[in-house]
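Here is the structure we will look at, set down as structure tokens.
Side chains are part of it too, since the values below use all heavy atoms of this structure and drop only hydrogens, waters and symmetry mates.
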Amino acid sequence: MTPPPPLLPSWFGPRASTGDSAVAVLLDQVAPAGTWRDIGGNFNLNVRVDAAEPLVLRVHRPWATRGRVAGLRRLHERLQRAGVRVARPVPILGRDLARAGGRWAELEEFVPHVRLDPSQESYLRLFEELGRLHAGLRAAWEPDLPPPMDDHRTHRQLHYWLGFTRRRLGPGAEPVVRRARLLLDELGKARRGIDLPRAPIHGDYTLGNAGQLPDGSWLNLDLDFVRVRERLYDVAGSLYWASDSGASVDLRELCDAYDRSAPEPVTPGERRFLPAQITLIPLHWVATAGLMDERIGVVGTAGLAEAEKAMDAAEAWWARREELTW
């Protein structure tokens, strides 16, 4: 008899819903007139509350600890003082944070903004602003901010999650897991002897997590994955999504735009490792396909198809490594 797939970790939990009883009670308290609407978010529930000054109620995933959420609120305040525009934290029911079932919830201002359509020009602006954001994060950083639960940090972590995915998705996942392990080992060899500077980073800097204000200035959103790690991770992730957007983009020009505004020039080691760092983005999705069953629908066929798609993307990026060396 085939053993059942392992359960998802208890800390993972699904995204909160406005239909959850604890969330409904909280909404009745912060928006008694019922003037609210779900404005999306892949990981956290984000609800716009229409009041005299519009607000956003954010209900976090179960893994977000009180220390993490409170630390991010302090970081928002310090970034504001450093001249980096982010949403301003607002008290909720007379305190910093509230509980919604087993989750932490908070309020912040809703900042009207325009999300730029994908194009070379909009991505040039994004990469210039990424350099400025890195400078602001460095100036405002608080060393004791707890890291997010899944930090994408080490090859050992990815090997662990590949094993979980193999058990979760069943024997049919063995070929894609084998491909992922081989590529992960190859990327590990490429990493040897390269020093990658570490710094506070955004963690998910895309056009969907930034916007332009009416005066032309820039708004930075969704700091949920802010942490200290190799700063190249931010550049690589943004390049991946720029390329995946469907827009015709020149990746080298985007890299140069970041270099002009970053607090320190990109190092030769970072330039050499860039193709491998981009490849690690979809490879991480292969490793965590068994964890993300909620997103892909069901354990089994759908999850396996998602893992294979991400694996194809990772191999395609690595095949372009000579072209991508910055």
Side-chain angles (χ1 to χ4, degrees), residues 8-16 22-23 26 41-46 56-82 84 86-93 95-109 130 133-161 164 196-206 209-210 220-234 236-237 263 280-281 284-285 287-288 291-292 294:
L8 290 173
S10 60
W11 51 259
F12 185 75
R15 176 183 181 269
V23 174
L26 186 58
N42 289 330
F43 282 90
N44 300 321
L45 171 66
N46 298 287
V56 174
L57 171 69
R58 176 169 296 111
V59 183
H60 290 265
R61 289 266 189 164
W63 66 61
T65 65
R66 190 187 196 289
R68 173 72 182 175
V69 179
L72 287 176
R73 289 172 68 84
R74 293 193 301 271
L75 179 61
H76 276 235
E77 293 168 349
R78 292 194 301 276
L79 284 170
Q80 289 273 41
R81 293 195 292 270
V84 177
V86 292
R88 177 175 51 85
V90 175
I92 179 170
L93 306 177
R95 52 191 187 274
D96 281 346
L97 302 174
R99 292 292 273 175
R103 306 163 185 266
W104 289 105
E106 61 175 329
L107 280 177
E108 66 182 25
E109 65 174 334
L130 177 58
L133 176 59
H134 281 179
L137 284 169
R138 176 181 294 188
W141 192 251
E142 180 181 86
D144 294 333
L145 177 66
M149 179 62 71
D150 183 8
D151 202 17
H152 306 195
R153 284 176 296 181
T154 65
H155 285 194
R156 182 177 180 180
Q157 184 187 52
L158 290 182
H159 272 294
Y160 171 82
W161 285 120
F164 181 86
L196 298 178
R198 295 171 61 83
I201 66 166
H202 180 278
D204 190 22
Y205 206 62
T206 68
N209 286 332
N220 302 279
L221 298 167
D222 191 5
L223 273 64
D224 284 342
F225 291 101
V226 163
R227 72 271 202 191
V228 172
R229 66 158 298 163
E230 298 89 352
R231 68 164 176 173
L232 187 65
Y233 182 89
D234 252 2
L280 280 166
I281 305 298
H284 181 270
W285 300 334
T288 58
L291 189 65
M292 299 301 287
E294 174 200 25

Notebook entry, point to check: Under the side chain to side chain contact (heavy atoms under 4.5 Å, CB included) criterion, do D224 and D204 qualify, and how do the steps go?
Noted result: CA-CA 9 Å; D224 284 342; D204 190 22; over 6 Å; no
Next item on the list: Go through the steps to decide whether N42 and R15 satisfy the test side chain to side chain contact (heavy atoms under 4.5 Å, CB included), and finish with yes or no.
Entry: CA-CA 8 Å; N42 289 330; R15 176 183 181 269; over 6 Å; no
Margin query: side chain to side chain contact (heavy atoms under 4.5 Å, CB included) for H155 and L280? Distances and angles first, verdict last.
Written below: CA-CA 10 Å; H155 285 194; L280 280 166; 4.3 Å; yes
Check: So L145 and L72, side chain to side chain contact (heavy atoms under 4.5 Å, CB included) or not? Walk me through it.
Finding: CA-CA 8 Å; L145 177 66; L72 287 176; 4.1 Å; yes
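A donor-acceptor contact shorter than 3.5 Å is absent between the side chain of R66 and the backbone of L97. Counting only distance, with no hydrogens or angles, the side chain of R61 and the backbone of N44 share no donor-acceptor pair below 3.5 Å. Counting only distance, with no hydrogens or angles, the side chain of D234 and the backbone of G203 share a donor-acceptor pair below 3.5 Å. H202 places a side-chain N or O within donor-acceptor distance of the main-chain N or O of L221, the cut-off being under 3.5 Å. Between the R99 side chain and the A105 main chain, no donor and acceptor come within less than 3.5 Å of each other. Checking side-chain atoms of H76 against main-chain N and O of A87 turns up a donor-acceptor pair under 3.5 Å.
Distance check: H284 NE2 to W161 CH2 gives 9.0 Å after rounding to the nearest 0.5 Å. Annotation: the span from L57 atom CG to N46 atom CG amounts to 8.5 Å, rounded to 0.5 Å. Note: N209 CG to L223 CG = 9.0 Å, rounded to the nearest 0.5 Å. Rounding to the nearest 0.5 Å gives a distance of 10.0 Å between CZ of R198 and CG of L196. Taken to the nearest 0.5 Å, the CD1 atom of I281 stands 4.5 Å off from the OH atom of Y233.
For P62 against P14, the heavy-atom pair with the smallest separation is CD-O, 4.2 Å. Considering all non-hydrogen atoms of both residues, V23 and A100 come closest at CG2-CB, 4.3 Å. Scanning all heavy atoms of the two residues, the minimum distance from W141 to P200 falls at CE3-CB, 3.5 Å. For the pair A22 and G101, the tightest heavy-atom approach, listed with the atom from each and the gap, is CB-N, 3.2 Å. A pairwise comparison of heavy atoms in A16 and L45 identifies O-CB, 3.7 Å as the closest pair. When every heavy atom of A64 is checked against every heavy atom of V69, the shortest pair comes out as CB-CG2, 3.9 Å.
In this structure the side chain of L79 reaches within 4.5 angstrom of the side chain of L137, judged on heavy atoms. Counting heavy atoms from C-beta outward, D222 and T206 have side chains that stay 4.5 Å or more apart.
Residues satisfying the salt bridge (Lys or Arg N to Asp or Glu O under 4.0 Å) test with R231, not counting sequence neighbours, are E270. R88 pairs by the side chain to side chain contact (heavy atoms under 4.5 Å, CB included) definition with E53, Q80, V90, E109, not counting sequence neighbours.
Screening residues 68-80 for salt bridge (charged side-chain N to carboxylate O under 4.0 Å, His left out) gives R73-E106, R74-E142, R78-E142 as the qualifying pairs, with residues at least two apart or on separate chains.
Residues Y205 and N220 bring a donor and an acceptor atom of their side chains to less than 3.5 Å of each other.
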